[in-house]
Amino acid sequence: MNRVFEWQDAPEAEFAVIGDPVSHSLSPKMHLAAYASLGLPFRYVAIQVAPGDVRASLELLKKRGYWGVNVTVPHKEEALGWPTEVEPLALHVRAANTLDLRSGACINTDAPGFMETLAPLKVPRKDALVLGAGGSARALVYALVEAGWQVRIFNRTHEKAEAMAEEIGGRAVSVAAPENAGLILNTTSASLSGSDLPIAWAETAPDAIAYDLMYAKEPTPFLRTAAAHGLRTVDGRPLLAAQGALSFEWWLSRPAPRQVMLEALG
Ligand code: NDP
């Protein structure tokens with residue numbers, strides 16, 4: 001667990017992650033490991049910000065001399081209201097996870113970070129069943145569609161899947177049937193409540209990969225069930241490392257120590 005600061009009490013530092021909650025975030029550990037490996041004297045802290053306070057907290061962090069901020073759940077959309085220069089991708093998917101307080105610019109590194117993590121997985125077919133239609137699904141579905149994938153979207157609230165497909169791309173489905181999918185991507189927060197998802201696992205191709213954006217000490221219910229059906233599984237740590245490396249590089253204009261960052265996540 002991180003030491004967490006309320007935003008009004010933010011200490012002197014160069015970088016931070018803001019969220020609600022933020023105590024569980026592995027970003028401080030990962031970025032501090034990167035700085036240590038390169039002998040950089042930077043500090044990176046976890047800051048608690050309640051919904052509605054994002055703008056005020058960023059103004060204060062800027063005044064206190066912060067250079068950059070990562071944004072996690074649930075603030076990625078609210079953060080778009082602060083900076084002056086929003087990258088087109090972040091604007092389109094309505095989510096910014098990386099802000100430069102020096103310039104007022106923001107970008108989304110979840111989408112390109114996610115695509116980086118797919119390369120070594122050698123997914124057998126560019127055909128994905130995406131579970132969930134929240135903020136992270138928007139960014140990832142956009143990245144997949146742009147890269148020429150067939151994307152099916154299943155969500156507990158079907159209308160949200162339909163609205164997202166209309167706006168971003170892909171096709172909303174009312175049953176989570178993964179036949180032919182090379183990738184089954186869980187972007188829901190169902191694991192937070194320990195829930196499993198209504199997936200027709202028996203119809204899954206045996207070479208498909210189950211990928212969960214969430215990570216925890218133990219495999220999530222989604223990954224446990226996928227593994228029980230013989231599928232290869234990936235949790236959210238490679239994505240956390242990839243999006244963090246892209247943030248690092250954007251802030252500091254130098255290559256990030258990707259392996260160090262991944263290993264810091266355990
Ligand atoms: P949102 O709150 O925007 O969306 C949550 C989604 O989960 C919605 O589609 C919601 O469905 C669905 N959902 C929630 N609870 C359940 C449940 N019990 N059963 C079925 N579906 C459920 O969250 P985000 O998209 O921003 O983030 C989702 C998760 O991904 C978070 O846990 C986040 O930590 C993780 N994440 C990890 C990253 C990484 O670096 N590893 C990067 C980005 C996100 P409905 O529409 O019906 O409410």
Side-chain angles (χ1 to χ4, degrees), residues 17-31 46 51 54 70-80 89-90 93-98 107-118 129-144 151-165 167-168 170 172-176 184-199 210-217 219-223 225 233-248 258 261-262 264-266:
V17 56
I18 63 168
D20 183 18
V22 74
S23 59
H24 65 285
S25 169
L26 294 175
S27 287
K29 192 176 173 204
M30 175 176 75
H31 283 275
V54 170
N70 281 130
V71 181
T72 188
V73 179
H75 298 321
K76 291 181 190 180
E77 187 164 0
E78 194 180 332
L80 289 174
L89 166 65
V93 302
R94 292 206 303 271
N97 72 323
T98 308
I107 59 173
N108 180 305
T109 67
D110 285 334
F114 171 68
M115 295 312 286
E116 267 189 26
T117 68
L118 289 186
L129 172 65
V130 175
L131 310 162
S136 54
R138 292 175 64 81
L140 274 41
V141 165
Y142 178 77
L144 287 168
V151 180
R152 280 165 273 171
I153 307 157
F154 171 81
N155 192 46
R156 180 176 64 172
T157 312
H158 182 65
E159 304 74 54
K160 275 173 120 183
E162 281 184 329
M164 195 175 89
E167 197 183 340
I168 302 283
V173 292
S174 48
V175 179
I184 306 168
L185 176 63
N186 182 20
T187 75
T188 76
S189 32
S191 304
L192 284 180
S193 53
S195 325
D196 214 337
L197 292 153
I199 300 162
Y211 190 138
D212 199 334
L213 295 198
M214 292 197 64
Y215 50 84
K217 283 208 178 73
T220 61
F222 168 77
L223 292 184
T225 315
T233 60
V234 186
D235 73 8
R237 277 175 285 202
L239 171 57
L240 184 69
Q243 61 78 30
L246 292 171
S247 300
F248 178 108
R258 282 179 156 62
M261 295 176 85
L262 186 59
L265 303 178

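What's counted below: heavy atoms across the whole structure, side chains too, no hydrogens, waters or symmetry copies. Just so we're clear, the structure is a prediction, and the values are computed from it rather than from any experiment. When a ligand or atom number is given, it counts from 1 through the structure's own listing order. If you read the sequence from its start, that first residue is 1, and numbering goes on from there.
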Identity and distance of the protein heavy atom lying nearest [atom]:
atom	answer
atom 4 (O) of ligand 1	Gly134 CA, 3.4 Å
atom 28 (C) of ligand 1	Thr187 O, 3.1 Å
atom 2 (O) of ligand 1	Ser189 OG, 4.6 Å
atom 44 (C) of ligand 1	Ser136 CB, 3.8 Å
atom 23 (O) of ligand 1	Gly135 N, 4.5 Å
atom 11 (O) of ligand 1	Asn155 OD1, 3.2 Å
atom 43 (C) of ligand 1	Lys76 NZ, 3.4 Å
atom 48 (O) of ligand 1	Arg156 NH2, 2.8 Å

All side chain to side chain donor-acceptor pair (under 3.5 Å) counterparts of Ser191, not counting sequence neighbours = none

Numbered atoms and elements of ligand 1 in range of Met214, under 4.0 angstrom, heavy atoms | 32 (O)

Provide the number and element of each atom of ligand 1 under 4.0 Å from a heavy atom of Leu240.
-> 40 (O)

Part of [X] with heavy atoms under 4.0 Å of ligand 1, whether side chain, backbone, both or neither:
X	result
Ser193	side chain
Leu213	both
Thr188	both

Donor-acceptor contacts, no H, no angles, side chain residues 17-27, under 3.5 Å, sequence neighbours left out:
unit_1	atom_1	unit_2	atom_2	d
Asp20	OD1	Gln48	NE2	2.5
Ser25	OG	Ser27	N	3.1

Heavy-atom gap Arg237 to ligand 1 smaller than 4.0 Å = no

